[in-house]
Amino acid sequence: MAGVLSDTQQAQGADGATAPGGVPSGSGSRGDTPAPCRRRGRPGRPGRRGRPGRSGRGLSRMRRNDLFWAAVFILPTLLGLVVFYLWPVVRTLLISFTETGPFGGSEFVGLANYRELFGDARLWETMLNTLKFTVVALLGIPVALVIAALLSTEGLRGVRIYRVLYFLPVVTMPAAVGLIWRTLYNGDVGVINALLGLVGIEGTNWLSNPATALYAIAGVGIWLGLGTQIVIFLAAIQGVPKDLYEAAALDGAGRIRQFWSITLPQISPSVFFISVLAVIGALQTFDLIFVMTGPTNPAYPQTETIVAQFYQRGFVENQQGYAAAIALVILVVIVAVTALQFRLQKKWVHYV
Amino acid sequence: MRRTSTLAATAVLTPLLVLGLAACGQSTGGATADAQPENGPVTISYGIWDKNQVPAMQKIADEFHTANPDVTVKIQVTPFKQYFTTLQTAAAGGGAPDVFWMNGPNVKLYAANQQLLPLDQTISRAKLDLGNYPEALVDLYTYEGKTYGIPKDFDTVGVWYNKALFDAKKLAYPKDDWTWADFQSAARALTDKTKGVYGAAAPVEDQAGFYDTIPSAGGQVIDAAGTKSGFDSPEALKGIEFWTSLVKDGASPTVQQMTDTSPGDLFKAGKVAMYWNGSWAAVEYNGVPELKDAVNVAPVPAGPKGQVSVIHGLGNVIYARTKHQDAAQKFVGFLGGERAAQIQAEAGAVIPAYEGTQEAWVTSMPQFNLKAYVDEVATAVPYPASKNTKAWTTLQTDILTKVWNGEVDAATGLKDLATQMNAALAKEK
């Protein structure tokens, strides 16, 4: 006993705060020890207080072990995070205050990039385009919801096949998807115009007409994202307790009423989750623009997103400092919009 | 609420992906010392982008190895779409290939940023005579009086035409000495709205387009020093209206149509009768059985200042920070020689830059009038380039697309383009 507690006794002795005899309130109830009496030289170790009834020393060794292993397991992720996310953000911030050459070598220019950026009409144009993309992208969510609700109809045959079909675009490369849709949208030989022609409607050059290009591309974006959204909604709908529907049915609620009054509120956290992802995804639209339009497209000014502009400046025109400033503006916008979404969700998301 | 906190993390971290892109490529360097002969065998890397040319390049590398058993050349192919992005990152990080292909729009950027080795020593050691290559190409690879690249091959521009469409309108095929007026009237005569056939394709295209017609009209895209735009001259306006009038008159598909279906594809499908294209197109048309005997090529028509094609060609360059300068110099010397040019000519993919070796290319596809391309060298102008060419070619595409589309009239558009281009050039310093 004395051996076990010896160093504590010494410590306490030095404090002079313990009762003579050195033994506090008995082995194992270390938790009662008042704070000043704890071992010196290791201040602030967490969790020593308030855990009565366990052997302090054995625990401390175990906890130290735990912490060590926790650190070992977290380290790779943390390292990845720091090296590939945090450090680049810091670098980007630094680069945005410089004029950086194509092969490095930078000159500090203060806020010049930002001044130029905010005075550049192109920023606001691409921002507006991006905003339009985002609004259209959100229209995909109700579509996914309805499809998911239909797919979860009791006794529907071939649900798996539908699920695979809807999910297929998700596992296809956006670049390939973009190329296929380009041929579908072709003004002269495209399938879409051929079909429209059958019902007497004359189509347009969907992707090169400034009035339609953005919506044509956003439509493909929706189609691409539908799969993930449906799968998540399906899982959420399956998690809704069946008895709620039974009770509603007894009260005379039809399927549509059930959807609005039970399904939707019950799965609102998923809807929120999807809407956050959809908005972030849409604000970062790049690959479809890159593949489906391009600077030689007459509709490019109406479709160029802010990330496309970032790429153009940074990687085509070699203005890395300016591009870094754009990247930071994108970051701020995304964080702001996401924060706004989190604020608004309190009004409509129900956590059960 | 757990889900929300994970979400918050996702929300914050996802945008960072974008930022990650911005943070690559720093540090510079590139001191050049005299080449020290190395002891023992070395392997040098040779960066190229065209996989069609790998057999010829490999053959050159093998023959070089036979002559220099100590040096092995390893060919690295990067598709063109990523070539310059990859190269730039690699060069910034000190790891670019020892020897690599360079092109006109990029050479001054690399030279000005000390990424390339000046080649005086290479030239003197291999006893290369720069007079053996087209002058316009040597100029293209010269920066501030120093040679940074040895011309490897070249391409000029010609007018490809569909013989059947000419026959259908009982029109004579283009002659070697035809003029702008001949071209314009043929384009209108060949247009057949009922069949969906256009006489010519007038896309917003630089190399096989207004880079040829502007000098043919007596203007220039950029001055020789690469510091001032030439787009605001009356000659440049003529060179641009050459094309826009075709679109306006319906003798060419609209920009929108050519965005949806490339003019090259329209030509191959027999919907366009005349299509300006570089000499690289010969191999492609030769490889399509339906086209092989259906199409032929004529030189560019003569404008007010005669027949002028833009000439562009690749150059072989040495990375400034190569660890094997001696071996790299030997290899580039070999690449610049007659033997390497012959190997390329026999392979047929490109016109070798070395004077006198082009004949093999001309005869490799006898059904085409390929001599037209080679003869144009005499009057050709160098490909317009400056230190940061991409900065103003972007403006060029942006503004000229609006001009083609009729959103802006040509004179106003060109004036605006010249102003903005001059501003971009001023930034290059």
Side-chain angles (χ1 to χ4, degrees), chain A residues 81 84-89 91-92 95 100-106 182 185-190 205-209 269 272-273 276-277 280-281 283-284 293 295-301 307 310-312 314-320 323-324 327-328 330-331 334-335 338 341-342 345 351, chain B residues 1 3-4 6-8 10-30 84-85 88 91-93 109-110 113-115 196 203-205 253-261 266 269 271 388 390-394 397-398 400-402 404-405 407 424 427:
Chain A
L81 210 66
F84 294 110
Y85 288 86
L86 298 179
W87 175 235
V89 176
R91 284 268 343 166
T92 306
I95 291 175
T100 298
F103 301 96
S106 52
R182 251 176 78 166
Y185 277 133
N186 187 300
D188 291 327
V189 294
N205 296 83
W206 297 100
L207 288 177
S208 47
N209 182 340
F272 173 63
F273 170 69
V276 169
L277 286 192
I280 292 176
L283 289 173
Q284 296 186 334
T293 71
T296 54
N297 189 318
Y300 195 59
V307 181
F310 158 80
Y311 172 82
Q312 176 72 21
F315 293 93
V316 179
E317 297 175 32
N318 294 318
Q319 299 174 28
Q320 296 184 0
L328 277 162
I330 300 174
L331 174 70
I334 290 180
V335 169
T338 308
Q341 280 182 292
F342 271 86
Q345 55 111 2
Y351 293 99
Chain B
M1 279 309 267
R3 182 180 276 165
T4 17
T6 331
L7 251 182
T10 322
V12 174
L13 291 178
T14 319
L16 305 188
L17 272 174
V18 174
L19 297 167
L21 283 169
C24 21
Q26 30 262 352
S27 85
T28 183
F84 280 100
T85 324
Q88 194 171 313
L109 178 74
Y110 279 74
N113 284 288
Q114 291 90 42
Q115 299 299 316
V204 187
E205 156 71 31
T254 63
V255 183
Q256 291 192 4
Q257 283 175 294
M258 289 184 285
T259 305
D260 280 3
T261 316
L266 288 169
K271 296 288 177 198
N388 194 5
K390 283 284 167 61
W392 53 268
T393 49
T394 307
T397 313
D398 272 7
L400 292 182
T401 301
K402 291 194 181 104
W404 250 252
N405 225 14
E407 286 170 59
K427 270 195 205 164

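Throughout, a chain's letter reflects where its sequence line sits, starting with A, and its residues are numbered from 1. Computed from a prediction, not measured in an experiment: that's the story for all the values here.
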Interatomic distance, [X] atom [atom1] to [Y] atom [atom2] [nearest 0.5 angstrom]:
X	Y	atom1	atom2	value
A:Phe103	B:Leu109	CZ	CG	4.5 Å
B:Met258	A:Asn297	CE	CG	12.0 Å
A:Asp188	B:Asp260	CG	CG	7.0 Å
A:Gln320	B:Gln88	CD	CD	6.5 Å
A:Tyr311	B:Thr85	OH	OG1	5.0 Å

>> In the structure I gave you, are the side-chain heavy atoms of B:Val255 and A:Ser208 within less than 4.5 Å of one another anywhere?
In response: no
> Would you say B:Asn388's side chain and A:Glu317's backbone share a donor-acceptor pair under 3.5 angstrom?
Replying inline: yes
> Where is the tightest heavy-atom contact between A:Gln312 and B:Thr394, given as atom of each residue plus distance?
Replying inline: NE2-CG2, 2.8 Å
>> Looking at every non-hydrogen atom in both residues, tell me the closest pair between B:Thr401 and A:Pro295 and how far apart they are.
In response: OG1-O, 4.1 Å
>> Please classify the contact of A:Gln341 with chain B as side chain, backbone, both or neither, using a heavy-atom distance under 4.5 Å.
In response: neither
> Heavy-atom distance under 4.5 Å to chain A: side chain of B:Tyr110, backbone, both or neither?
Replying inline: both
